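Because the structure is a prediction, the values reported are computed rather than measured. Chain identifiers are assigned alphabetically (A, B, ...) following the order of the sequence lines, protein sequences preceding nucleic acid strands; residue numbering begins at 1 within each chain.
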There are 2 protein chains.
Amino acid sequence: METTTTVREQILDHAITLIMLRGYNGFSYRDLSSLVGVKTSSIHYYFPSKDDLVLEAVSEYSKEVLNALHAVDASLSADAKLSKYAKLFGRTLGDGNQICLCGMLAADIESLPDTIRQAVQAFFKANESWLAKVLAQGAQEGTLAVNGKPDNAARALFAAFQGSVLAARLFHTKARLEDVEASVRIAR
Amino acid sequence: METTTTVREQILDHAITLIMLRGYNGFSYRDLSSLVGVKTSSIHYYFPSKDDLVLEAVSEYSKEVLNALHAVDASLSADAKLSKYAKLFGRTLGDGNQICLCGMLAADIESLPDTIRQAVQAFFKANESWLAKVLAQGAQEGTLAVNGKPDNAARALFAAFQGSVLAARLFHTKARLEDVEASVRIAR
DNA sequence: GTCTATACATTGATAGAC
DNA sequence: GTCTATCAATGTATAGAC
């Protein structure tokens, strides 16, 4: 099957990859130009400013991740759901030393306009709320160790995942992600 | 008392602040030039390349933070030590939307030479090992909820602190740091 | 040590031909 | 839509006078 990929889509995909690798200030239209094979002026045709491009990158990335979360089988046990989540978070790491796009942009947030901040905030909230449900389920099942209220614990857990991909890439090991998973899983 | 501050120290201090605010690719010698009041060529006199400057920034920052950790009263209870740590982590936030310098550089790590990677790794390890001791103490005292081995839990906890300062700045609230503290503190 | 002057590449962005 | 051509601004860095 032949999948048609428009130039616009290629630009956006490579932009997402580059942001996850080097951050907002670490890639340029020229980088995209050589990756996609069109001139920088053509990129400006699709995305007039860099902020336009990044905002769309956040939207696209968020859509993909949230779709993946929604696709997790609701009938699974809480600790199984958490494993899926950890795998999702670590996937990009192995392929190319990338971290979560929204975690990266959170680091770059002081260089970015408010529109992007809001989009990144929305991504954080969606993940935290998904994790809160999983933690609540895990507490009820007795499969996950939840200290305090699920909402608070979910925010702490999401932060731990964000921090752990940073460390995983820094140390070239996925073990850091497993540490986070282990910190809430009840040993059997 | 008159504290003499050399130009070199001023450059380094402002560099640390700027890295914590905008990251490696988000500040320039020109920024430092206008902050310190010397020309960029003078900055090159002290720090020939930007990487030299950043490496020294990591050393200086690490020294300060580790000194602060060492200064925490050893006779305190584990949860009191954890409070001190959280406060330490959140301090820079309030003053100017800064996050941990080494957390920021971990995000920028793909743009940096290996010397800096090693320095950032050392900072991570030192913090994780300090936290591991606190968690072990807390488990014994019954003041902290530690799931699994202290070493693993400490890495997860440090990641949570790193992630939570990102979120705290993103949402303009220190509550995210308190969530992390609450996730390990046993309610009384 | 600090400056002036400058080199030289890269950056995001625009105008206009095709 | 994609290109060529060009822009002004910014980036790190160096040479050499004082």
- Message: Just to be sure I understand the geometry, which residues of residues 3-22 of chain A put a non-hydrogen atom under 4.0 Å away from DNA chain C?
- Response: none

- Pairs satisfying side chain to side chain donor-acceptor pair (under 3.5 Å), at least one member in residues 166-175 of chain A, at least two apart: A:His172-B:Arg117

- Considering only D:dT2, C:dG1, D:dC3, which nucleotide approaches the side chain of B:Tyr45 most closely? C:dG1

- Task: Return the value, rounded to whole Å, for the distance between atom CG of A:Asn25 and atom P of D:dT10.
- Result: 14 Å

- Task: Not counting sequence neighbours, which residues clear side-chain contact (heavy atoms from CB on, under 4.5 Å) with A:Leu55? List them please.
- Result: A:Thr115, A:Ile116, A:Ala119

- Task: Would you please name every residue forming a salt bridge (charged side-chain N to carboxylate O under 4.0 Å, His left out) with A:Asp108, sequence neighbours left out?
- Result: none

- Parallel, tilted or perpendicular for A:Phe158 and A:Phe124, by the 30°/60° rule? perpendicular

- Item | Any residue meeting side-chain contact (heavy atoms from CB on, under 4.5 Å) with B:Leu88, in chain and number order, not counting sequence neighbours | B:Val65, B:Ala68, B:Leu69, B:Arg91

- Spell out protein contact along nucleotides 13-18 of chain D as letters: B when the base is contacted, S when just the sugar-phosphate is, - when no protein heavy atom is under 4.0 Å; keep the 5' to 3' order. BBB---

- Is the backbone of B:Leu53 close enough, under 3.5 Å, to the side chain of B:Tyr46 for a donor and an acceptor to pair up by distance? no

- Note on the structure: Between the CZ atom in A:Phe47 and the CZ atom in A:Arg8, the distance rounded to the nearest 0.5 Å is 4.0 Å

- Task: On the 0 to 90° scale, with breaks at 30° and 60°, tag the B:Tyr85-B:Trp130 ring pair as parallel, tilted or perpendicular.
- Result: parallel

- Task: Please list every stem that involves DNA chain D, where a stem is a run of 3 or more consecutive Watson-Crick or G-U wobble pairs with both pairing distances under 3.5 Å.
- Result: C:1-7 with D:12-18, C:9-18 with D:1-10

- Query: Got a sec, which residues hit salt bridge (charged side-chain N to carboxylate O under 4.0 Å, His left out) with B:Glu60, two or more places apart in sequence or on another chain?
  - Reply: B:Lys63

- Under the side chain to side chain donor-acceptor pair (under 3.5 Å) rule, collect the residues that match up with B:Ser111, sequence neighbours excluded. B:Asn25

- Message: Which label fits B:Phe89 and B:Phe161: parallel for a plane angle under 30°, tilted from 30 to 60°, or perpendicular past 60°?
- Response: parallel

- With sequence neighbours excluded, what pairs up with B:Leu18 under the side-chain contact (heavy atoms from CB on, under 4.5 Å) test? B:Arg22, B:Phe27, B:Asp31, B:Leu32, B:Leu35

- Message: If you take any heavy atom closer than 4.0 Å to DNA chain D, which residues from residues 107-120 of chain A end up in contact?
- Response: none

- Message: Closest approach to the side chain of B:Ser42, judged atom by atom: which nucleotide of C:dT10, D:dT12, C:dC3 is it?
- Response: C:dC3

- Look at A:Arg30 and C:dG12 and indicate whether a side-chain polar atom (N or O) is within less than 4.0 Å of OP1 or OP2. no

- List for me each residue that meets side-chain contact (heavy atoms from CB on, under 4.5 Å) alongside B:Glu141, sequence neighbours excluded, and say none if there are none. B:Ser77, B:Ala78, B:Gln137, B:Thr143

